[in-house]
Amino acid sequence: MAFPEGFIYELKSRNDITEVISSYVSLKRRGRNMVGLCPFHGEKTPSFNIYTETDSFYCFGCGAAGDVITFIMKIENLDYVEAVKYLAQRAGLDMPEDSYDDSLNKLRRRVFEANREAARYFYRRLMSEEGKNALGYLRGRMLTDATIRHFGLGYAPDSWTGLCDYLKSKGFKENELVSANLAVRRHSGKGIIDRFRDRVMFPIIDLRGNVIAFGGRIMTDAKPKYLNSSDTPVFKKSENLFSLNNAKNTGSRALLLCEGYMDVISVNQAGFRNAVASLGTALTTEQAVLMKRYADEIIICYDADEAGQKATARAIPILRAAGLNIRVLTIPNGKDPDEFIRSKGADGPAAFRAIIEASGNDVDYRLQKLRSEFNLAVSDGVVDYLEAAAHLMAEIESPIERDVYVSKLSKEFGVDKNALLLQIETISKRRRRDSRRREARQLQSELSGRDDKLDKEHRSRLKSTAAEESLVVYLINNPDSLSYINSQISAEQFQNALMKRFFVYFSNRISEGLEPLNNITADFSTDEQSVLYRILHQNGSVAPTPRSLREYIEVIERESRRPSDKKSMSSEQISSYFDRIRRDKE
């Protein structure tokens, strides 16, 4: 147990879950619960629920679940101890002394410190004789010294152990440097070497100003051109964005989404400080949801080459799903933002602003892309184009927005507007039907436990698992029933290992006079919490009766006598097994 029960109880009492979450999510009341759009995945229909009776949340879309501590861990990217400290500070509570395991928090703190020292080391090397080529490279990209300082750019020397030796002299241990991904183990397993060598370095800074990772660019044609930090205790590349720490303070509710570090830095130097970039990966749902917290509109500024166009096509549905408005920048002559701004010299900022203001939304962009794929000089080409456009229009949920584009196409090609609307509705109906089928298959999969990687016994033991889940929920909601339950069955009769763990855990807490759900964040993983809150809330307001409890117990008792693998049974065991089934039916 990480913290005293009384402290956690007071912490949660002073940090009302609805009040805390409402500072991140717009909530509306639905019966006894509060609902809103999930901050952990993109969605347009609210599936994120807050249950005030259990001080918990559960998203029926992505399965995110937990209490107020879990929420802060996820939304602020903190570990358990850091989240508790965050909430304690918010509530004006003093932290208990020497009563919790702080090992992970200490490692995270050391990784932060190592990254900060590494950033200082890289910057000093850049400004030294050793880094003159790297500094020349950056100045050749038209970066000013002020911009280089602002972004903390640096240089990793062409040395196997330069950074490692420096950080060791500062008191850092080898395991801390490997955990920070600043170093890697030698193939022999003896000693460590620098991860980054002979590269221009780009520190990645989180929203609190901590250096959490690095990107390194080679200055030759060698591969890979960019080398990025792998995930560490303080960094997950799919959940962070380069320069969001700068962009969030501009006061703008629009973000320029660029492809890489240099594009962000170049447009930032040109006066556009609301630029961000993903970190060596294609745009993720997590990054889109993160942007939604700070912006209503995303202006995609990817390179105009084929790779950039493919990346744009992938990004649009992800951003739309997160509820963001989208515009797409079209840069003349196939240039990227950095190259375009530099090519215009002193007029670069004004020219870049002009193409931002002239940029259309994502529908305009995709319609224009479709035009290039068809020969509109012939009737067949027009028909094929309008067919493809109808599929695109079917994706637009707003009737007004859809009508605007249908009217434009109808007028331009002399096609009856009603014919276009009929085609779009036909496509929409087909998609809704396919969507319902997918949802039905997904629901069937969830009920069967086919894809449940955590609860692997769910599918093979459907009947017993259902009864065990219901019994655990009944016990949590009715702690006084523990004595009766224990008089009827034992934990050893549970077939599902996770449900058995839940049963033993909550039985022990109730026996000790503790509130069942008070401290589960410390004792269960986020995946386990997701399973727990799913079974707690999947039946809504249905209240099991004592008769239901007896039925759960009967099923568990009967299923516990069912062999798990009949193939390995002897003939005598099989005979005994069927005799028992017949007796049960009498």
Side-chain angles (χ1 to χ4, degrees), residues 2-3 8-88 90-91 236 239 285-286 288-290 292-293 321-323 446 452 454-455 469 472-473 476-477 498 502 505-506 509 515-543:
F3 290 97
I8 292 297
Y9 185 84
E10 185 174 5
L11 180 85
K12 295 167 80 170
S13 297
R14 292 200 192 183
N15 288 281
D16 178 76
I17 189 168
T18 301
E19 182 182 333
V20 171
I21 293 179
S22 65
S23 64
Y24 299 89
V25 180
S26 178
L27 299 170
K28 293 182 179 180
R29 181 163 294 282
R30 182 181 293 170
R32 291 176 295 178
N33 305 331
M34 305 294 291
V35 299
L37 295 175
C38 181
F40 305 120
H41 82 286
E43 63 176 9
K44 296 180 180 179
T45 302
S47 59
F48 181 85
N49 289 257
I50 298 176
Y51 298 88
T52 54
E53 291 183 354
T54 56
D55 290 326
S56 63
F57 69 91
Y58 182 76
C59 176
F60 287 89
C62 68
D67 58 13
V68 68
I69 301 173
T70 315
F71 181 84
I72 290 299
M73 289 172 63
K74 290 179 69 66
I75 200 76
E76 295 289 348
N77 192 28
L78 302 174
D79 66 20
Y80 174 71
V81 174
E82 290 172 330
V84 169
K85 287 181 178 179
Y86 179 99
L87 291 169
R90 181 181 184 276
K236 191 172 183 180
E239 296 178 357
T285 298
E286 293 89 347
V289 171
L290 178 60
K292 178 62 177 174
R293 290 171 56 186
E446 289 176 359
D452 196 333
L454 177 66
D455 191 359
E469 288 178 352
V472 168
V473 171
I476 292 172
N477 291 330
L498 182 59
F502 284 155
Y505 175 83
F506 290 114
R509 287 186 64 82
E515 196 280 319
L517 296 172
N518 185 50
N519 213 4
I520 65 168
T521 311
D523 299 323
F524 292 105
S525 70
T526 55
D527 289 338
E528 290 169 335
Q529 289 181 66
S530 180
V531 172
L532 176 62
Y533 284 108
R534 172 181 60 78
I535 66 174
L536 274 172
H537 303 308
Q538 67 182 355
N539 295 322
S541 58
V542 176

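Quick caveat: nothing in here was measured; it's all calculated off a predicted structure.
Side chains of T70 and D67: a donor on one and an acceptor on the other come within 3.5 Å.
The closest donor-acceptor contact from the side chain of E239 to the backbone of K236 lies at 3.5 Å or more, if one exists at all. Judged by distance alone, the side chain of S47 and the main-chain N or O of C59 form no donor-acceptor pair under 3.5 Å. Between the R30 side chain and the V35 main chain, no donor and acceptor come within less than 3.5 Å of each other. The main-chain N or O of T526 is never found under 3.5 Å from a side-chain atom of S530 such that the two would form a donor-acceptor pair. A distance-only check finds a donor-acceptor pair linking the side chain of R509 to the backbone of E515 [under 3.5 Å]. A donor-acceptor pair is defined here as one N or O able to donate and one able to accept, closer than 3.5 Å; such a pair exists between the side chain of E43 and the backbone of C38. No donor-acceptor distance shorter than 3.5 angstrom exists from the side chain of N77 to the backbone of I75, with no hydrogens or angles considered. Looking only at distances, no side-chain donor or acceptor of K74 sits under 3.5 Å from a matching main-chain atom of F40.
In this structure, Y58 and H537 have tilted ring planes: the angle between them lies in the 30° to 60° band.
Here T54 pairs with S56 under the side chain to side chain donor-acceptor pair (under 3.5 Å) rule; sequence neighbours left out. Residues forming a side chain to side chain donor-acceptor pair (under 3.5 Å) with E82 (at least two apart in sequence, or on another chain): R108.
Between F3 and Y9, the ring centre distance reaches or exceeds 6.0 Å. Taking the six-membered ring for Trp and the full ring otherwise, the centers of F524 and Y505 sit less than 6.0 Å from each other. Under the 6.0 Å cut-off for aromatic ring centres, F57 and F48 qualify, their centroids lying closer than that.
Note that NZ of K85 is 13.0 Å distant from CG of L11, once rounded to the nearest 0.5 Å. To the nearest 0.5 Å, the span separating CE on M34 from OH on Y51 amounts to 13.0 Å. Rounding to the nearest 0.5 Å places CG of N477 at 9.0 Å from CD of E53. In this structure, R534 CZ and F60 CZ are separated by 10.0 Å, a value rounded to the nearest 0.5 Å.
Screening D55, N33, L27, V20 against I50 for a side-chain contact (heavy atoms from CB on, under 4.5 Å) leaves a single residue, L27. No option in I520, L87, N519, T521 other than N519 meets the side-chain contact (heavy atoms from CB on, under 4.5 Å) test with I8.
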Exercise. Step by step, work out the side chain to side chain contact (heavy atoms under 4.5 Å, CB included) result for Y24 and I72.
Key: CA-CA 10 Å; Y24 299 89; I72 290 299; 3.9 Å; yes
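For A83 against M73, the heavy-atom pair with the smallest separation is CB-CG, 3.4 Å.
For residues 15-28, every residue pair satisfying the salt bridge (charged side-chain N to carboxylate O under 4.0 Å, His left out) rule, not counting sequence neighbours, is listed here: E19-R90.
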